[in-house]
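Please read these numbers as outputs of a predicted model, since none were measured by experiment.
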Amino acid sequence: MAEEVPNAKEILVTHVAYKGFQAGALVGAGVSLLAQILRFRSFSLQRLSRASFITGVTSSVLSTAGVFYMMQTMPEEGVTDRAFRLQHNQGQLAVDKMCFQTGAMAALANPLYELIMRRIGILGVPTSALRGISLGVAVGVVAHVASSNFNPPPKLESAEASKKE
C-alpha cells in the first residue's frame, strides 16, 4: 500500500484537469490544422491557437467534472494510492515538465508575434498569451512523444520465475 499523501484529492483533481487540458489542446490543434489543410485556407496561427484553447479548456472542465463524479464512489485509499503513483511516475512528470516549458515559451512568443504582425492591440495580449499557452502545451505533448525512447522498459523477473531456475 502507498504511504500517506497529503492533499491526495487535490493532487488527483489537478492531474486530471491538466491532462484534460493537454489532450484537448492537442486534439483542437490537430483538428484545426487538418481543417485548414482540407479547406485549402492559408495557415492561420490565430485559428490554430483559438481552437487549441477552446478544446483544451472544455476538455479540462469535463474531465474535472468526471473525476469529481468518480471520486464519490472511490475509496479514500484508492485516491491516496493514485496520488502517490502520480507523484512518482517519471513519464508523467517528464511530459508535464515539457508541456510547462513549451507553454511558458509560447505564452511569451504568441503575443509578441501577434503584436509585431499587428493582429492585436496591447489589450489583446492576455488572451493571446492564454491561446499561446494552449498551443505550447500541445507542442509539448508532441515534442515529448517525439523525444521519448520507444523501447519498452525491461521486464522485471518475478520471484516465482527465479525460483523455477
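Pairing each heavy atom of Pro6 with each of Ile11, the nearest pair is O-CD1, 3.7 Å. When all heavy atoms of Ala17 and Ser63 are compared, the pair lying nearest together is CA-OG, 4.2 Å. The two atoms that bring Gly132 and Ala106 nearest to each other are O-CB, 2.9 Å, heavy atoms only. Smallest separation of non-hydrogen atoms from Met74 and Val79: SD-CG2, 3.4 Å. For the residue pair Glu114 and Ser128, the shortest heavy atom distance occurs at OE1-OG, 2.8 Å. Residues Asn110 and Ser49 approach most closely at ND2-OG, 4.2 Å, considering heavy atoms.
Counting heavy atoms from C-beta on, the side chains of Leu33 and Phe43 come closer than 4.5 Å. Inter-residue side-chain proximity for Gln87 and Leu93 is flagged as unmet; no heavy-atom pair is nearer than 4.5 Å. Residues Gln46 and Met117 are not in side-chain contact: their nearest non-hydrogen atoms beyond the backbone lie 4.5 Å or more apart. Between Cys99 and Phe21, every side-chain heavy-atom pair lies at or beyond the 4.5 Å cut-off. Residues Ser60 and Thr64 form a side-chain contact, since some pair of their non-hydrogen atoms from C-beta on lies under 4.5 Å apart.
Residues Leu115 and Leu123 fall within the same hydrophobic cluster, defined by Ile, Leu, Val, Met, Phe, Trp and Tyr side chains chained together at heavy-atom separations under 4.5 Å. Criterion: ILVMFWY side-chain heavy atoms under 4.5 Å apart, direct or through other members. Under it, Met71 and Val16 are part of a common hydrophobic cluster. By the rule that hydrophobic residues join a cluster once side-chain heavy atoms approach within less than 4.5 Å of another member, Val125 and Leu108 end up as members of separate clusters. When the side chains of ILVMFWY residues are joined at heavy-atom separations under 4.5 Å, either directly or via intervening members, Tyr18 and Val57 end up in a single hydrophobic cluster.
Rounding to the nearest 0.5 Å places CG of Leu45 at 8.5 Å from CZ of Arg131. The CG atom of Leu135 sits 12.5 Å away from the CG atom of Leu130 when rounded to the nearest 0.5 Å. Rounded to the nearest 0.5 Å, atoms NE2 (His144) and CG (Asp96) are 9.0 Å apart.
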field: Test log, rule side-chain contact (heavy atoms from CB on, under 4.5 Å), inputs Gln92 and Lys19
entry: CA-CA 10 Å; Gln92 293 288 336; Lys19 290 300 169 186; 2.7 Å; yes
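Distance alone, capped at 3.5 Å, is enough to place a donor-acceptor pair between the Ser59 side chain and the Gly20 backbone. Side-chain atoms of Asn7 do not come within 3.5 Å of backbone N or O of Glu10 as any donor-acceptor pair. For Ser52 (side chain) and Leu48 (main-chain N/O), no donor-acceptor pair under 3.5 Å exists by modelled atom type. Here the side chain of Gln36 pairs a donor or acceptor atom with the backbone of Ser44 at under 3.5 angstrom. A side-chain donor-acceptor contact under 3.5 Å links Thr127 to the backbone of Gly124. Formation of a donor-acceptor pair under 3.5 Å by the Ser134 side chain with backbone atoms of Phe53 is found in this model.
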